[in-house]
Q: 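Shown below is the structure under consideration.
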There are 2 protein chains.
Amino acid sequence: MRTEKVTSVDVAMRAGVSQSAVSRVFTPGASVSPKMAEKVLKAAQELGYRPNVLARSLITGRSRIIGLVVAYLENQFYPDALERLSTALQAHGYHILVFMVSNDDAGVDRVMGELLDYQVDGIITASVGMSNALAARCAAAGVPVVLFNRGQDDHRLNQVTSNNLEGGRKIAEFLAAGGHHRIAHIAGWSGSSTGRDREAGFRAGLEAAGVGLATCIDGMYNRETAAAAAREIFAGDDRPDAVFVGNDHMAFAVMDVLRFELNLDIPGDVSVVGYDDVPLASWPAYNLTTLRQPSNRMVEATVSTLLGWIEEGSSDVQKIQIDGPLMVRGSARIPEGWLDERL
Amino acid sequence: MRTEKVTSVDVAMRAGVSQSAVSRVFTPGASVSPKMAEKVLKAAQELGYRPNVLARSLITGRSRIIGLVVAYLENQFYPDALERLSTALQAHGYHILVFMVSNDDAGVDRVMGELLDYQVDGIITASVGMSNALAARCAAAGVPVVLFNRGQDDHRLNQVTSNNLEGGRKIAEFLAAGGHHRIAHIAGWSGSSTGRDREAGFRAGLEAAGVGLATCIDGMYNRETAAAAAREIFAGDDRPDAVFVGNDHMAFAVMDVLRFELNLDIPGDVSVVGYDDVPLASWPAYNLTTLRQPSNRMVEATVSTLLGWIEEGSSDVQKIQIDGPLMVRGSARIPEGWLDERL
DNA sequence: GATCTTTCTGCATACGTATGCAAATTGAAT
DNA sequence: ATTCAATTTGCATACGTATGCAGAAAGATC
């Protein structure tokens with residue numbers, strides 16, 4: 001069953017030329033005469049030859065592999081991003097090697113070793129942080145890193161996020177304008193920059209509008225935790241009339257609790273706002289008002305940053321924040337005249 | 001910024017031994033004395049040496065890379081499977097290289113070339129078919145293939161699916177027992193074995209129960225197409241009282257149309273049954289009755305088949321079908337006594 | 001046609017590792 | 001201590017490709 005591979009040497013013999021000639025024909029921009037190219041391509045065709053990427057990488061030092069580190073794909077935002085990233089990189093001749101990881105330092109640490117073993121040309125972490133020691137190791141290995149949807153202070157790490165502060169602020173403004181009085185927040189994981197920034201922006205926005213924040217619980221970006229938080233917050237008599245949930249994935253769980261366990265009407269009794277605008281948010285069953293993270297533009301920025309470092313040897317660290325619009329739908333009361341103003 | 005890599009030669013020099021000794025220390029099962037191992041590991045530690053997987057692959061002929069071909073990650077079933085596959089393979093020291101592809105022959109064809117260029121040890125296609133020419137090419141290259149959630153006649157291709165025929169039959173039985181009279185089917189893509197088998201099983205089951213199939217439209221595994229089909233089927237006066245939708249992903253779209261466009265009650269006016277049991281199906285907003293594809297067991301079967309071929313040189317082609325239970329929830333009328341019988 | 005440039009080709013070597021073989025070391029057995 | 005077997009080690013080479021260098025071929029110029 002094991003099959004003899006056809007190599008550049010085989011092609012060279014068949015075409016009656018040297019191995020280097022074959023190599024050059026398959027190396028864009030190398031110096032080859034038209035008739036040499038023709039001979040070689042013909043022979044290659046006949047033998048079914050294709051260059052061995054791995055062998056090539058050994059000498060060029062380029063593997064055309066990008067390592068993607070990701071903690072979980074349950075939140076629809078990430079498969080969506082993965083699909084876009086993969087497609088975009090594929091168009092540039094790169095491919096994604098996937099590393100699933102538990103989102104703690106030990107897990108990331110272990111995986112990062114394997115990652116470097118594969119001689120990846122670059123690393124994207126999706127919603128995963130990185131110890132400074134690791135950042136240093138990647139830098140030492142000459143492998144550029146882009147944190148996707150996660151911020152971090154380290155001066156070696158590129159990062160692409162939405163403008164979470166501003167996003168939180170917009171949502172506060174929207175809810176305040178809607179005349180809500182008791183506003184709650186089920187926050188994103190406080191161990192993540194996204195969670196912290198959205199909360200900070202939200203708090204700042206409320207303060208600016210002169211409205212207080214009634215309650216705030218960390219939802220850990222987890223469905224169960226968020227559901228439990230919702231039960232707790234909405235148990236008492238003077239329940240909130242609005243809640244901003246740190247991402248859509250949790251917001252769906254919260255809406256399920258409010259509607260099906262507590263029999264509350266959305267948005268009649270409570271307004272719910274999420275963050276991300278995953279596809280599901282726009283499906284009628286949820287119809288969730290949410291702040292869009294423009295994943296297409298985030299992916300674009302991620303890819304161009306990464307390729308800039310890899311192919312053009314760039315070395316200025318990018319900290320890119322991308323603004324997204326509030327997608328006003330039916331899960332939250334819409335302030336008088338709000339939609340008109342924005343047309 | 002480019003950094004000199006530390007190689008086995010560097011370690012050898014530092015430890016005062018030969019390069020081959022270093023190699024052996026890092027090759028499980030090789031013959032090395034304890035004190036040699038100690039010396040080498042110490043030097044390796046100090047220099048931060050780790051073996052280069054790519055260079056290793058050049059000589060062993062094993063890349064420890066599995067190519068995953070996938071058409072789209074919108075249907076939650078696939079990110080879920082991807083996560084499980086990646087985790088399982090990681091535990092065996094393999095990693096997944098992702099290839100996104102449009103689900104037509106040309107797309108698959110193009111991508112399969114790139115795939116082989118990377119010298120992958122095996123290929124998994126998720127819900128993607130493969131021309132016989134391609135199957136032949138992979139066989140010729142000695143690369144085993146497992147079709148995940150897709151059947152195909154080719155005798156060289158392993159495949160792991162749920163028992164789609166039986167699943168379709170179970171659903172028919174359930175709907176018939178529920179006393180439905182006008183039963184419709186929005187089928188999975190007829191270009192796929194899963195779509196065809198589920199439909200065939202469903203038809204057979206209905207026939208066995210003496211109930212006719214009112215309408216059947218191909219939903220192409222696509223939300224929009226399925227929604228359009230629902231509008232068409234449920235437009236007239238004598239609308240169906242039940243519909244089996246070829247997968248959950250489409251079923252959600254159908255439920256949205258029924259509820260929010262046509263103001264029908266589920267399951268009061270119409271029963272809806274899906275296929276897959278993705279996580280979303282159990283969320284209260286949909287609470288979808290559906291046939292579970294046990295993705296954990298499907299992944300297990302896929303991984304063990306693949307590793308059997310790769311590591312033990314197995315060569316019997318597996319066509320594995322895994323039975324799944326019907327998850328009875330609230331989207332379809334439950335036949336009298338049905339739940340009791342099954343306890 | 002002779003000379004000078006330019007373009008093309010082959011030779012040799014390098015990338016980082018694994019492994020067959022023979023030499024060297026160790027240990028056991030006498 | 002001597003012999004023999006078993007274990008460990010180093011040497012040399014191979015994997016499949018890219019590339020600097022020098023020589024060959026092909027054009028360009030007069």
Side-chain angles (χ1 to χ4, degrees), chain A residues 2-41 43-44 47-65 93 116-121 141-142, chain B residues 2-41 43-44 47-65 93 116-121 141-142:
Chain A
R2 228 352 99 194
T3 290
E4 29 344 316
K5 314 262 178 195
V6 24
T7 76
S8 57
V9 176
D10 302 329
V11 177
M13 293 195 55
R14 170 140 198 157
V17 302
S18 73
Q19 179 271 328
S20 20
V22 177
S23 170
R24 275 187 261 265
V25 169
F26 285 92
T27 305
S31 163
V32 197
S33 71
K35 69 173 191 299
M36 165 69 80
E38 192 197 359
K39 265 194 302 188
V40 168
L41 287 174
L47 296 176
Y49 168 77
R50 305 204 46 165
N52 179 330
V53 176
L54 267 34
R56 174 179 283 177
S57 84
L58 191 54
I59 190 159
T60 60
R62 291 281 162 78
S63 61
R64 307 202 79 84
I65 296 177
L116 296 176
D117 294 349
Y118 277 95
Q119 314 296 116
V120 295
D121 289 342
Chain B
R2 228 352 99 191
T3 289
E4 44 320 333
K5 314 262 179 195
V6 22
T7 76
S8 58
V9 176
D10 302 329
V11 177
M13 294 195 55
R14 170 140 199 160
V17 301
S18 74
Q19 180 269 329
S20 20
V22 177
S23 169
R24 275 188 261 263
V25 170
F26 285 91
T27 304
S31 163
V32 197
S33 72
K35 68 174 192 297
M36 165 69 80
E38 192 196 0
K39 264 194 303 189
V40 168
L41 287 174
L47 295 176
Y49 168 77
R50 305 203 48 165
N52 179 331
V53 177
L54 267 35
R56 175 179 282 176
S57 84
L58 190 54
I59 189 158
T60 61
R62 291 282 162 77
S63 61
R64 307 203 78 84
I65 297 177
L116 296 177
D117 295 349
Y118 276 95
Q119 315 295 116
V120 295
D121 288 342

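Computation of the quantities below employed the complete heavy-atom set of this structure, encompassing side-chain atoms and omitting hydrogens, waters and symmetry-equivalent molecules. Here is how names work: the chains are called A, B, and so on, in the same order as the sequence lines, proteins then strands, and each is numbered from 1.
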Q: In whole angstroms, how far is the C1' atom of C/dT9 from the CD atom of A/E38?
A: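 Those two atoms, CD and C1', are 17 Å apart.
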Q: With a 4.5 Å heavy-atom cut-off, do B/Q119 and A/K5 have their side chains touching?
A: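 Answer yes - side chains close enough.
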Q: Looking only at heavy atoms, which two atoms of B/Y49 and B/T7 are closest? And how far apart?
A: CE1-C, 3.5 Å
Q: Roughly how many Å is it from CD in B/Q19 to P in C/dC15, rounded to a whole number?
A: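 Taking atom P of C/dC15 as the reference, CD of B/Q19 is at 12 Å.
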Q: Do you know which of A/N52, A/V40, A/V25, A/V22 makes side chain to side chain contact (heavy atoms under 4.5 Å, CB included) with A/S8?
A: A/V22
Q: Measure the distance from CG on A/L58 to P on C/dT13 and round it to the nearest whole Å.
A: 18 Å
Q: Rounded to the nearest 0.5 Å, what separates atom CD1 in B/I65 from atom CD1 in A/I65?
A: 4.5 Å
Q: What does the inter-axis angle of the helix from C/dG1-D/dC30 to C/dT30-D/dA1 come out as, five pairs per end, nearest 10 degrees?
A: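 If I round to tens, the end axes sit 30° apart.
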Q: Looking at side-chain heavy atoms only, is the closest gap between A/F26 and A/L41 below 4.5 Å?
A: yes
Q: Please determine if a side-chain N or O atom of B/S8 lies less than 4.0 Å away from the OP1 or OP2 oxygen of C/dT17.
A: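 Yes, such a contact exists.
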Q: Between residues 21-33 of chain A and DNA chain C, which residues have a heavy-atom gap below 4.0 Å?
A: A/A21, A/R24, A/S31, A/V32, A/S33
Q: Could you give the OH-to-P distance, from A/Y49 to D/dT17, as a whole number of Å?
A: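 My rounded result for the distance is 4 Å.
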Q: Hey, is the side chain of B/T7 poking within less than 4.0 Å of OP1 or OP2 on C/dG16, counting only N and O atoms?
A: no
Q: Give, for atom OG of A/S57 and atom OH of B/Y118, the distance between the pair rounded to the nearest 0.5 Å.
A: 9.5 Å
Q: Where the side chain of B/I59 is defined as all heavy atoms beyond and including C-beta, which of C/dT17, D/dT17, C/dT19 is the nearest nucleotide?
A: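 Of the options given, the side chain of B/I59 lies nearest C/dT17.
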Q: Nearest to the side chain of B/K5 - C/dA18, C/dG10, C/dG16?
A: C/dG16
Q: Could you tell me whether the side chain of B/R50 and the main chain of A/D117 form a donor-acceptor pair under 3.5 Å?
A: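 Judged by distance alone, no pair lies under 3.5 Å.
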Q: Quick one: CG on B/D121 to OG1 on B/T60, what's the gap to the nearest 0.5 Å?
A: 8.0 Å
Q: Could you state the NZ-P distance from B/K39 to D/dT9, rounded to the nearest angstrom?
A: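 Checked: the NZ to P distance equals 7 Å.
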Q: Give a yes or no on whether the backbone of A/G93 and the side-chain of A/R64 come within a donor-acceptor separation of less than 3.5 Å.
A: yes
Q: Closest nucleotide of DNA chain D for A/N52 versus for B/S20: which of these residues is on the 5' side?
A: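 First, find each residue's nearest nucleotide; the 5'-ward one identifies B/S20.
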Q: How long is the line joining CD of A/Q119 and P of C/dG16, in whole Å?
A: 9 Å
Q: Tell me: NZ of B/K35 to C1' of D/dT7, nearest whole Å?
A: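 It works out to 11 Å between those atoms.
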Q: Once you round it to whole Å, what is the distance between C1' of C/dC8 and CE of A/M36?
A: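 Rounding to the nearest Å, CE of A/M36 and C1' of C/dC8 are 8 Å apart.
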